[in-house]
Number of protein chains: 2
Amino acid sequence: MRQDNRMPRVLHALLHLDQMTGPATSDLLAGMLNTNAAVVRRTMAGLRDQGFVTSTKGHGGGWVLAKPLSEITLAGIYDALGAPKLFALGCGNEESHCLMEQAANAATAEALRVASETFLSALSAITMADLARDYETRMKELGLNPDDYRFDASKIP
Amino acid sequence: MRQDNRMPRVLHALLHLDQMTGPATSDLLAGMLNTNAAVVRRTMAGLRDQGFVTSTKGHGGGWVLAKPLSEITLAGIYDALGAPKLFALGCGNEESHCLMEQAANAATAEALRVASETFLSALSAITMADLARDYETRMKELGLNPDDYRFDASKIP
DNA sequence: AATCATGTATCATTACAAGTTACATGATTC
DNA sequence: GAATCATGTAACTTGTAATGATACATGATT
C-alpha cells in the first residue's frame with residue numbers, strides 16, 4: 001500500500017499560507033510542497049469546504065488562510081481531509097461465519113481502535129499555532145529571523 | 001493501498017491449530033482462512049522462525065502449535081510477522097530542508113508514534129489464550145460445545 | 001478580449017499485500 | 001527405491017488506492 005501523505009503535506013501548506021501576505025496560487029504551493037498544482041487543489045478542497053482556507057479565481061487569486069492558526073486543530077484538518085484510513089493493517093472481514101475468525105478479528109480491531117483513539121486525541125491537542133511555534137523555534141536554532149522569510153507572492157518577479 | 005490482513009489471519013490460524021489433535025497442512029489451513037497454501041506458508045514462516053509453531057514435511061506433516069496459547073502474546077506475533085507497517089498515513093519525508101515541512105512532519109510523526117505505542121501495548125496485554133476464551137464464549141452464546149469441534153485432520157476422508 | 005487561476009475529470013504511475021503457479025527438497029509409505 | 005505427500009521458495013500476476021500528469025471548462029481580473 002502506498003502511503004497517504006496528505007496530512008503532513010497540508011500542515012506544511014498551511015504554515016506557508018500563514019506566512020504569506022497575499023494569496024498563494026496552487027502552482028506556488030505545489031512548488032513548495034514538491035508536487036503538482038492539481039494535487040494541491042484536490043487536497044485543499046476539503047479544507048476549503050470546512051472553512052479553514054478560501055480560494056479565489058482569476059488574477060491575484062489563490063489560497064488564503066481563513067482562520068487564525070490557533071483555531072485550527074490537527075484533528076479538524078484530519079476530518080477536513082475526509083478522515084482518511086489510518087491503518088495499513090486490516091482486521092479481517094467482519095462478516096465471517098467462523099467464530100475463531102470472529103475472535104481473531106475482534107482482538108485485532110480492538111487494538112486498532114484504541115490506537116486510533118490515541119491518534120485522534122493527540123491530533124485534538126495540537127493546533128496549527130503550536131506548529132508555527134515549533135517552526136519558529138527551529139528558525140531560531142539556526143540563528144535565523146522568521147520575519148525575514150515572510151513574503152508576498154505577488155512580488156515574485 | 002491494499003490492506004495487510006496477515007495479523008488477524010494468523011491469529012485465526014493459531015486458534016484452529018490449537019484445536020487440532022494432529023498437524024494441519026497448509027492446504028487445510030488455506031481452506032479455513034479462505035486463501036492459498038503458498039500464502040499460508042509465507043505468512044506462517046515468521047511464526048515458525050520465532051518458535052511459535054513447527055512445520056514438518058512429508059506424509060502426516062504440516063503445522064503444529066509449539067507453545068501453549070497462554071505463552072503467545074499478540075505482540076509476539078506482530079513481531080514474528082516482521083512488525084509490518086502499521087499506518088496507511090505517512091509523516092512525510094524526514095529529509096526535508098524546509099523548516100516548515102520539518103515542523104509539519106514532526107507533528108504528524110509524533111501523533112503516529114503515540115498511536116503506535118498504544119497499539120503495541122494493547123497487543124502485549126493480550127495472549128492467544130484470551131482469544132481462545134473469547135472463541136469459547138462465542139460458541140456457548142450459540143449453545144454449542146467447543147469440544148465437539150475439535151478434530152484430527154488425518155481423519156478427514 | 002486576453003489572461004490568470006481554480007474546479008474537475010480522466011488517465012498513467014507507483015507500491016505492496018495477496019493470489020497464483022511452478023518446482024526443488026525432504027519425509028513417509030509401500 | 002519409487003511413488004507420494006508436504007513444505008520452502010522463487011517468480012509472476014492481480015487488486016487497490018494515493019499520487020502524478022494532462023486537459024479543459026468556468027469564473028475573475030486587467
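These numbers come from the heavy atoms of this one structure, side chains and all, not from hydrogens, waters or symmetry mates. Letters A, B, ... are given to chains in the order of the sequence lines, protein chains preceding strands, and every chain is numbered from 1.
Between B:R41 and D:dG8, a side-chain N or O to OP1/OP2 separation shorter than 4.0 Å is absent. Distances shown here put every side-chain N or O of B:T25 at or beyond 4.0 Å from the OP1 or OP2 atom of D:dC5. Applying the 4.0 Å criterion to OP1 and OP2 of C:dG7, one finds that A:S55 has a side-chain N or O inside that range. OP1 or OP2 of D:dA18 sits under 4.0 Å from a side-chain N or O of A:R6.
As a whole-Å value, the separation of B:M44 CE from D:dT7 P is 10 Å. The nearest whole Å value for the distance from the CG atom in B:L33 to the P atom in C:dA17 is 18 Å. At whole-Å resolution of the value, NZ in B:K57 and P in D:dT7 are 10 Å apart. A:Q3 places its CD atom 14 Å from the C1' atom of C:dA17, with the value rounded to the nearest Å. Between A:L89 atom CG and D:dA17 atom C1' there is a gap of 17 Å when expressed in whole angstrom units. Between B:N34 atom CG and C:dA18 atom C1' there is a gap of 14 Å when expressed in whole angstrom units. We find that CG of A:N36 is positioned 17 Å from P of C:dC11, with the value rounded to whole Å. To the nearest angstrom, P of C:dT20 lies 13 Å from CG of B:D27.
Between B:T118 and A:V114, the shortest heavy-atom distance links the atoms CG2-O, 3.6 Å. Between A:G76 and A:F52, the shortest heavy-atom distance links the atoms O-CE1, 3.6 Å. The two residues B:Y78 and B:P84 make their nearest non-hydrogen contact at OH-O, 2.5 Å. Residue B:L17 comes nearest to B:W63 through the heavy atom pair CD2-O, 3.5 Å, listed as atom of the first residue, atom of the second, then distance.
Ranked by how close their nearest DNA chain C nucleotide is to the 5' end, B:T56 and A:G58 are led by A:G58. Nearest-nucleotide positions on DNA chain D place B:R42 closer to the 5' end than the other of B:R42 and A:T43.
Counting only heavy atoms from C-beta on, A:W63 has its side chain closest to C:dG7 among C:dT21, C:dG7, C:dT3. If you check C:dG7, C:dA18, D:dT22 against the side chain of B:D4, the one that comes closest is C:dA18. Nearest to the side chain of B:R48, among C:dT6, D:dA21, D:dG8, sits D:dG8. The listed nucleotides are D:dG20, C:dA18, C:dT21; the one nearest the side chain of B:V39 is C:dA18. For B:R9, the listed nucleotide lying nearest its side chain is C:dG19; candidates were C:dT20, D:dG20, C:dG19. In the set D:dT7, D:dA28, C:dA18, the nucleotide with an atom closest to the side chain of B:N5 is C:dA18.
Salt-bridge annotation for A:E110 and A:R113: present, with a side-chain N of the basic residue lying under 4.0 Å from a carboxylate O of the acidic one.
Nucleotide C:dC4 forms a pair with D:dG27, judged by Watson-Crick or G-U wobble geometry with both contacts under 3.5 Å. C:dC16 and D:dG15 make up a base pair, with Watson-Crick or G-U wobble contacts both under 3.5 Å.
Residues A:L86 and B:L112 meet the side-chain proximity criterion, which asks for heavy atoms closer than 4.5 Å.
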